[in-house]
S.K.: 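The following block contains the structure, expressed as structure tokens.
Numbers for residues simply follow the sequence, beginning at 1.
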Amino acid sequence: MDRIDTVMVPKSLPRPAVAADVAKVLAVICSRRPRKDLSLDRLRDRVLFETAYVCGARASEVCGLYVEDLDLRLDDEHVRIHGKSGSVRTVPLDDRGYVALLKLYLARAGYSAGPLFRASINGCGGPLSYDAAHHRWQSCCAAARVEIDIHQLRHAHATELVNAGVSIEAVRRRLGHASTETTQLYALLDDKVADAEIRAARRRRDRAT
């Protein structure tokens, strides 16, 4: 067995969600300026899923957030995300509309400490489980008639950063990857997007001639 070469399983490219489709699902839950009579559960869901999207965080990481992980001081808003193997990374919250919605949620819920996203059926205010979040996301996608896996929110965020010219190392830190090898897959994905744009441009040129 020692003489047999290790079989290398090629890593598949991530499948990011289209930004317009993500926006469609979030809008089904509620707008960024929700009605005053909107239930706390729906407001919680909107903030939870948007947190995963704007932070590039895993759904399990978002479900595990505590109010104490937030720092919402003006012009220095950020969140500490607890990742795999006990790692902690700080992610700035630079989307003003999202921050306003987050503050509204905290005010409506009356939370000053403890789990940020809490289950409403267990009666003890424990953190919302990943399974519950995944189920609720799928229900929202069905209502919006869009097929997006909850993990694709993270992929979408990473791809947007790469497309905007953010360095691989900076994206690695944002996602909490242990090495750049995994993050590099988003650069490969960016190459495929570029290739598709080039092919489309050539087709347009050929039609014009």
Side-chain angles (χ1 to χ4, degrees), residues 16-82 90-161 174:
V18 177
D21 288 343
V22 175
K24 189 181 297 184
V25 179
L26 294 177
V28 162
I29 303 172
C30 72
S31 72
R32 275 190 168 182
R33 294 184 177 181
R35 303 187 314 271
K36 292 183 178 180
D37 60 348
L38 182 74
S39 70
L40 183 60
D41 283 0
R42 292 190 70 83
L43 182 57
R44 174 203 62 196
D45 290 351
R46 166 78 195 225
V47 177
L48 186 151
F49 299 133
E50 193 160 357
T51 299
Y53 183 43
V54 303
C55 294
R58 302 174 180 90
S60 57
E61 294 173 340
V62 176
C63 290
L65 286 175
Y66 273 61
V67 177
E68 292 89 337
D69 293 320
L70 297 170
D71 189 333
L72 299 180
R73 287 176 293 179
L74 185 63
D75 295 329
D76 188 30
E77 296 92 341
H78 59 268
V79 59
R80 290 176 296 277
I81 297 177
H82 300 262
T90 299
V91 175
L93 304 176
D94 47 14
D95 185 320
R96 308 308 304 175
Y98 163 75
V99 171
L101 188 66
L102 174 59
K103 289 180 176 180
L104 174 64
Y105 167 66
L106 290 171
R108 285 274 307 274
Y111 297 157
S112 58
L116 180 58
F117 302 110
R118 307 181 189 187
S120 57
I121 61 175
N122 61 9
C124 64
L128 190 72
S129 70
Y130 170 83
D131 288 343
H134 184 271
H135 175 73
R136 296 184 74 86
W137 173 254
Q138 292 301 318
S139 298
C140 295
C141 287
R145 297 183 179 181
V146 173
E147 292 186 9
I148 302 175
D149 185 84
I150 194 170
H151 199 65
Q152 288 180 271
L153 295 174
R154 175 174 164 87
H155 294 329
H157 177 77
T159 304
E160 289 172 8
L161 293 180
R174 171 63 67 92

S.K.: Anything under 30° is parallel, anything over 60° is perpendicular, the rest tilted; go ahead and classify Y105 against Y111.
M.R.: perpendicular
S.K.: Which heavy atom of A57 sits nearest to which heavy atom of V62, and what is that distance?
M.R.: CB-CG2, 3.7 Å
S.K.: Output side-chain donor-acceptor pairs under 3.5 Å for residues 94-104, partner residues at least two apart or in another chain, one line each.
M.R.:
{"unit_1": "D95", "atom_1": "OD1", "unit_2": "R32", "atom_2": "NH1", "d": "3.1"}
{"unit_1": "D95", "atom_1": "OD1", "unit_2": "R32", "atom_2": "NH2", "d": "3.3"}
{"unit_1": "D95", "atom_1": "OD1", "unit_2": "G97", "atom_2": "N", "d": "3.1"}
{"unit_1": "D95", "atom_1": "OD1", "unit_2": "Y98", "atom_2": "N", "d": "3.1"}
{"unit_1": "D95", "atom_1": "OD2", "unit_2": "R32", "atom_2": "NH2", "d": "3.0"}
{"unit_1": "R96", "atom_1": "NH1", "unit_2": "E77", "atom_2": "OE1", "d": "3.3"}
{"unit_1": "R96", "atom_1": "NH1", "unit_2": "E77", "atom_2": "OE2", "d": "3.3"}
{"unit_1": "R96", "atom_1": "NH2", "unit_2": "E77", "atom_2": "OE2", "d": "3.2"}
{"unit_1": "Y98", "atom_1": "OH", "unit_2": "T51", "atom_2": "OG1", "d": "2.6"}

S.K.: Out of curiosity, L48 CG to L65 CG, how far, rounded to the nearest 0.5 Å?
M.R.: 8.5 Å
S.K.: Filter on salt bridge (Lys or Arg N to Asp or Glu O under 4.0 Å), then keep only pairs touching residues 105-114, sequence neighbours left out; what's left?
M.R.: none
S.K.: Sequence neighbours excluded, which residues qualify as side chain to side chain donor-acceptor pair (under 3.5 Å) partners of R73?
M.R.: D71
S.K.: Quick one: side chain to side chain donor-acceptor pair (under 3.5 Å) partners of D131, sequence neighbours excluded?
M.R.: none
S.K.: Start with the C-alpha gap between L70 and L106, add the side-chain angles, then the distance that decides, and say whether side-chain contact (heavy atoms from CB on, under 4.5 Å) holds.
M.R.: CA-CA 11 Å; L70 297 170; L106 290 171; 4.0 Å; yes
S.K.: Any idea which heavy atoms bring L153 and A52 closest together, and the distance?
M.R.: CD1-CB, 4.2 Å
S.K.: What are the two closest heavy atoms between S60 and Y130, and how far apart are they?
M.R.: N-CD1, 3.9 Å
S.K.: Which residues pass the salt bridge (charged side-chain N to carboxylate O under 4.0 Å, His left out) test with D75, sequence neighbours left out?
M.R.: none
S.K.: Would you please name every residue forming a side-chain contact (heavy atoms from CB on, under 4.5 Å) with A144, sequence neighbours left out?
M.R.: K24, V25, V28, V146
S.K.: Can you list everything that forms a ring pair (Phe, Tyr, Trp, His ring centres under 6.0 Å) with Y53? Sequence neighbours excluded, please.
M.R.: none
S.K.: Can you run down the ring-ring contact (aromatic ring centres under 6.0 Å, His included) pairs that involve residues 20-52, sequence neighbours left out, and say none if there aren't any?
M.R.: F49-W137
S.K.: Report the residues that fulfil side-chain contact (heavy atoms from CB on, under 4.5 Å) with S31, sequence neighbours left out, ordered by chain and then residue number.
M.R.: R33
S.K.: Is there a donor-acceptor contact under 3.5 Å from the side chain of E160 to the main chain of H157?
M.R.: no
S.K.: Could you check whether atom CD of E147 has more than 12 heavy atoms from other residues, nucleotides or ligands sitting under 6.0 Å from it?
M.R.: no
S.K.: Shortest non-hydrogen contact from R42 to C30?
M.R.: O-SG, 4.5 Å
S.K.: Taking it one step at a time, do V67 and S112 satisfy side-chain contact (heavy atoms from CB on, under 4.5 Å)?
M.R.: CA-CA 6 Å; V67 177; S112 58; 5.6 Å; no
S.K.: Flag the pair H82 / D69 as yes when at least one side-chain heavy-atom distance between them is below 4.5 Å, and no otherwise.
M.R.: yes
S.K.: Identify the two heavy atoms, one from T90 and one from H78, that lie closest to each other, and give their separation to 0.1 Å.
M.R.: CG2-CD2, 3.6 Å
S.K.: Under the side chain to side chain donor-acceptor pair (under 3.5 Å) test, which residues partner D45, sequence neighbours left out?
M.R.: R136
S.K.: Provide the closest heavy-atom pair for I150 versus Q138 in the form atom of the first, atom of the second, distance.
M.R.: N-NE2, 4.4 Å
S.K.: One pair to check against side-chain contact (heavy atoms from CB on, under 4.5 Å): V18 and I148. What are the steps and the verdict?
M.R.: CA-CA 9 Å; V18 177; I148 302 175; over 6 Å; no
S.K.: When you compare the side chain of V79 with that of L93, does any pair of heavy atoms fall below 4.5 Å?
M.R.: yes
S.K.: Are H134 and D149 close enough that some pair of their side-chain heavy atoms sits under 4.5 Å apart?
M.R.: yes
S.K.: In chain order, what residues pass the side-chain contact (heavy atoms from CB on, under 4.5 Å) check against P115, with sequence neighbours excluded?
M.R.: Y66, R118, P127
S.K.: Between R44 and D41, is any pair of side-chain heavy atoms under 4.5 Å apart?
M.R.: yes
S.K.: Could I get the full list of side chain to side chain donor-acceptor pair (under 3.5 Å) partners for H135, not counting sequence neighbours?
M.R.: none
